[in-house]
S.K.: 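I have a structure here, written as structure tokens, and I will follow up with some questions on it.
This is a predicted model, so every value here is computed, not measured. As a basis for the values below, the full set of heavy atoms in this structure was taken, side chains included, without hydrogen atoms, waters or symmetry mates.
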Amino acid sequence: MGNANIYIVGTGSYLPATIVTNGEVSDTTGLSPEEIEKVTGIKERRRAAQDEATSDLATKAALAALDSAGI
């Protein structure tokens, strides 16, 4: 293949605005918020809005990566 000069020039991410706490999850699991964190290591998670598709999340992350790269 040769010696290609390939490198990462920018990265991006996007998190939906809605935060779901372990307290909310514990209501459906029967575990306490502390137990959920101990077992999973997760403190909170995000939930996309009803009108946000996966492609919307990916597009926002891609735009952030392009911005980070100065493109």
S.K.: With clusters built from Ile, Leu, Val, Met, Phe, Trp and Tyr whose side-chain heavy atoms come within less than 4.5 Å, directly or transitively, what are the remaining members of the cluster of L57, listed by chain and number?
M.R.: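 Same cluster as L57: Y14.
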S.K.: If a pair satisfies salt bridge (charged side-chain N to carboxylate O under 4.0 Å, His left out) and one of its residues is in residues 51-71, list it, with sequence neighbours excluded.
M.R.: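 Residue pairs with at least one partner in residues 51-71: E52-K60.
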S.K.: Other members of the hydrophobic cluster containing V25, with the 4.5 Å side-chain heavy-atom rule, please.
M.R.: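 V25 shares its hydrophobic cluster with V20, L31, I36.
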S.K.: Does atom CD1 of I71 have more than 12 heavy-atom neighbours from other groups under 6.0 Å away?
M.R.: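 Enclosed.
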S.K.: Pairs in or reaching into residues 29-46: which pass side chain to side chain donor-acceptor pair (under 3.5 Å), with residues at least two apart or in two chains?
M.R.: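 Matches after skipping sequence neighbours: N22-R45, S32-E34, S32-E35.
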S.K.: Does A17 have any side chain to side chain contact (heavy atoms under 4.5 Å, CB included) partners at least two apart in sequence or in another chain, and if so, which?
M.R.: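 For A17, no residue satisfies side chain to side chain contact (heavy atoms under 4.5 Å, CB included) once neighbours in sequence are set aside.
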S.K.: Quick one: side-chain hydrogen bond (donor to acceptor under 3.5 Å, both in side chains) partners of R47, sequence neighbours excluded?
M.R.: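 With neighbours one apart ignored, the set is empty.
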S.K.: List for me each residue that meets side-chain hydrogen bond (donor to acceptor under 3.5 Å, both in side chains) alongside E24, sequence neighbours excluded, and say none if there are none.
M.R.: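 Scan of E24 (side-chain hydrogen bond (donor to acceptor under 3.5 Å, both in side chains), adjacent residues dropped) gives T21.
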S.K.: If you round to the nearest 0.5 Å, how far is OG of S68 from CD1 of I8?
M.R.: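 Rounded to the nearest 0.5 Å, the CD1-OG separation comes to 10.5 Å.
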S.K.: Using the side chain to side chain contact (heavy atoms under 4.5 Å, CB included) criterion, which residues pair with V9? Sequence neighbours excluded.
M.R.: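 With neighbours one apart ignored, the set is Y7, A69.
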